[in-house]
Protein chains: 2
Amino acid sequence: MNRMTGPSGAQSVDRALLLLRLVGPRGEDGASLVDLVTASGLEKPTVRRLLMALMRSRLIEQDPATRHYHLGEECYVLGALASPRHGLLEIAADAVARLARDSGDTAFVTMRRGSFAICLHRQEGSYPIRTHALTAGAQHPLGVGAGSLAMLAALPDAEVEAVLADISPHLPADYPDYAPHILRADIERTRARGHALNPGRIVAGSWGIGVALRRGDGTVAGALSLAAVESRMQPPREAELAALLAREAAEVETRLRRERP
Amino acid sequence: MNRMTGPSGAQSVDRALLLLRLVGPRGEDGASLVDLVTASGLEKPTVRRLLMALMRSRLIEQDPATRHYHLGEECYVLGALASPRHGLLEIAADAVARLARDSGDTAFVTMRRGSFAICLHRQEGSYPIRTHALTAGAQHPLGVGAGSLAMLAALPDAEVEAVLADISPHLPADYPDYAPHILRADIERTRARGHALNPGRIVAGSWGIGVALRRGDGTVAGALSLAAVESRMQPPREAELAALLAREAAEVETRLRRERP
DNA sequence: GTCATCCGGTTCATATGGTGGACCTCAACT
DNA sequence: AGTTGAGGTCCACCATATGAACCGGATGAC
């Protein structure tokens with residue numbers, strides 16, 4: 001039985017790369033075999049065979065003690081080779097460091113990944129109360145979270161609709177406080193204000209503020225954002241943080257244009 | 001007909017990842033379909049189907065104008081997620097920048113990739129005559145080139161023999177000036193001197209000098225190296241460059257220990 | 001102008017290689 | 001010493017990858 005819209009050919013490659021994407025966000029702890037079986041929906045022998053193939057290429061490595069699977073050296077090598085073309089973190093790293101230092105809160109760089117946003121890097125500030133709602137490698141649908149919403153609002157309307165159509169099925173189950181009509185209103189407010197605000201919509205009390213990063217041609221490269229407890233993101237501090245973000249976003253956008261005109 | 005030692009299962013995954021590794025070093029120009037057919041030894045439809053699978057996962061992208069294939073955004077994302085575990089470039093970037101600035105020559109960070117060395121990053125110095133014998137993504141067998149030889153010489157003898165056995169078949173065809181007995185002598189000299197020297201063995205007139213980087217547990221993390229024209233690497237300058245390298249290597253090794261004790 | 005060549009890309013009958021239910025082994029708890 | 005759940009493997013079956021032959025376009029030689 002053929003899926004009409006399904007991928008054609010090399011299915012095991014798709015499955016292997018699905019596993020790779022599942023291991024990515026697991027961070028320091030890695031992923032166990034059953035984790036991956038559950039998350040992927042594949043059978044155990046299949047997962048194991050694919051992991052062995054990924055391990056042969058060093059894209060995945062297995063901790064001999066815990067038996068957990070982690071991203072391998074080859075992922076890092078490929079990333080280094082891809083960075084002249086796609087490197088956002090290299091370009092934005094200084095800006096994120098300044099954001100964390102100047103605000104005292106936690107700063108993030110986020111990239112678009114299809115209809116989702118993925119957090120590339122997280123830099124903690126000095127303020128003692130820190131939200132851990134967003135960690136490196138975590139991904140949410142576009143519009144869910146401050147940096148993520150900033151990117152969605154920066155897309156042309158046609159693309160916004162395509163993204164909403166893509167993510168709508170997932171929203172109710174995973175993000176009860178979100179729905180397409182709420183996202184559309186969020187986009188309006190974001191465009192009017194010039195920055196995106198997440199008023200504790202994912203984790204109560206954990207607020208976020210973000211701005212999009214655009215390339216020279218106007219396309220969205222990613223977003224910068226800050227997270228803090230609710231009390232640190234009320235007016236007038238919200239406006240101060242927005243100004244900080246705008247300043248750093250301008251700096252990053254200048255560097256983006258310089259790199260790839 | 002089964003290969004006795006061959007990989008078992010998920011062959012198309014191996015082939016897809018072979019293509020990924022072939023696209024990596026092509027840098028800015030990318031790779032054409034025929035390039036990849038030739039380099040991989042696979043049939044054209046097979047290569048195309050695997051590339052389409054890689055493109056579905058955004059590990060590869062195709063330039064619509066040139067039709068050439070490049071590393072995709074997903075490679076970069078995976079690299080960013082793997083860098084807390086494997087990030088050598090982040091740790092060594094400042095040291096490489098100082099090396100290029102202080103010496104005026106071109107500086108490199110290299111990593112081990114099985115029996116080969118792969119160049120992660122290249123930083124040009126101010127001196128107007130620059131060798132382009134080594135670029136980011138290029139790989140040579142361990143022992144071929146200065147940084148590469150520094151790594152080989154830093155391995156335990158048993159591992160050196162395993163590497164030599166692995167690469168010996170390839171040497172005569174691709175590197176006429178190298179052979180196992182020459183590499184063994186090079187290793188001796190490197191261990192005695194404390195640094196590796198490549199006296200224009202790959203490209204005449206293009207000399208290199210390198211030192212290994214060791215982790216806290218003594219294993220080899222990579223190498224730092226410098227390349228210059230022959231006249232800039234004679235005594236006493238050779239000793240000066242070796243001292244520069246030793247200083248920066250010590251700095252990097254300190255940071256390596258701090259990151260992952 | 002046309003014939004030859006090379007490139008990127010696709011088709012479809014064939015058979016290779018991937019799949020997954022059943023199974024093994026080991027360690028940690030009852 | 002029995003039970004659970006983890007990691008890992010086996011092998012008969014049939015879904016899926018393979019590759020010779022093909023298309024269509026671009027370039028260029030004469």
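Order of the sequence lines sets the chain letters (A, B, ...), proteins ahead of strands, with each chain counted from 1. Side-chain atoms are counted along with the backbone in the values below, which use heavy atoms only and exclude waters and symmetry mates.
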Inset, instruction - Would you kindly check whether a donor in the side chain of Lys44(B) faces an acceptor in the base of dG19(D), or vice versa, at under 3.5 angstrom? - result: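 Such a pair does not exist between side chain and base.
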
State whether [X] places a side-chain N or O below 4.0 Å from either non-bridging phosphate oxygen (OP1 or OP2) of [N].
| X | N | answer |
| --- | --- | --- |
| Arg49(A) | dG18(C) | no |
| Gln11(A) | dG17(C) | no |
| Thr46(A) | dG20(C) | yes |
| Ser32(A) | dA6(D) | no |

Legend entry - Close aromatic pair by centroid cut-off 6.0 Å: His170(B) and Tyr175(B):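 Judged by ring-centre distance (under 6.0 Å), His170(B) and Tyr175(B) do not meet the cut-off.
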
How close or far is atom [atom2] of [N] from atom [atom1] of [X], stated in whole angstroms?
| X | N | atom1 | atom2 | value |
| --- | --- | --- | --- | --- |
| Glu43(A) | dC10(D) | CD | C1' | 15 Å |
| Asp14(A) | dT19(C) | CG | P | 11 Å |
| Arg67(A) | dA27(C) | CZ | P | 12 Å |
| Leu33(A) | dT25(C) | CG | P | 18 Å |
| Asp63(A) | dG8(D) | CG | C1' | 17 Å |
| Asp35(B) | dC6(C) | CG | P | 15 Å |
| Leu51(A) | dT9(D) | CG | C1' | 14 Å |
| Met52(B) | dT11(C) | CE | P | 9 Å |

Inset, instruction - Check every atom of dT9(D), dT10(C), dA17(D) against the side chain of Arg48(B) and return the nucleotide holding the closest atom. - result: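 Among dT9(D), dT10(C), dA17(D), the one nearest the side chain of Arg48(B) is dT10(C).
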
Legend entry - Minimum-distance nucleotide (side-chain atoms of Ser12(B) versus dT19(C), dG18(C), dG8(C)):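 My answer, after comparing the listed nucleotides, is dG18(C).
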
Inset, instruction - Nearest-nucleotide wise, let me know which of Val13(B) and Tyr69(B) is further upstream toward the 5' end of DNA chain C. - result: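 Between the two, 5'-proximity favours Tyr69(B).
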
Inset, instruction - To the nearest 0.5 Å, tell me how far Ile118(A) CD1 sits from Glu73(B) CD. - result: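 Answer for the CD1-CD pair, Ile118(A) versus Glu73(B), is 10.5 Å.
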
Inset, instruction - Find out whether the Lys NZ or Arg CZ of Arg201(A) is both under 6.0 angstrom from the six-membered ring centre of Tyr178(A) and within 45° of the ring's axis. - result: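 Yes, cation above the ring, under 6.0 Å and within 45°.
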
Legend entry - Along DNA chain D (nearest heavy atom to each residue), the more 5'-positioned of Ala10(A) and Pro45(B):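 Going by which nucleotide is closer to the 5' end, it is Ala10(A).
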
Inset, instruction - Start with the C-alpha distance between Glu159(A) and Arg112(A), add both sets of side-chain angles, then the distance that settles salt bridge (charged side-chain N to carboxylate O under 4.0 Å, His left out), and finish with yes or no. - result: CA-CA 13 Å; Glu159(A) 221 170 329; Arg112(A) 182 178 173 188; 2.7 Å; yes

Legend entry - Glu124(B) and Arg122(B) ion-paired at < 4.0 Å: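 Answer for the salt bridge query: yes.
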
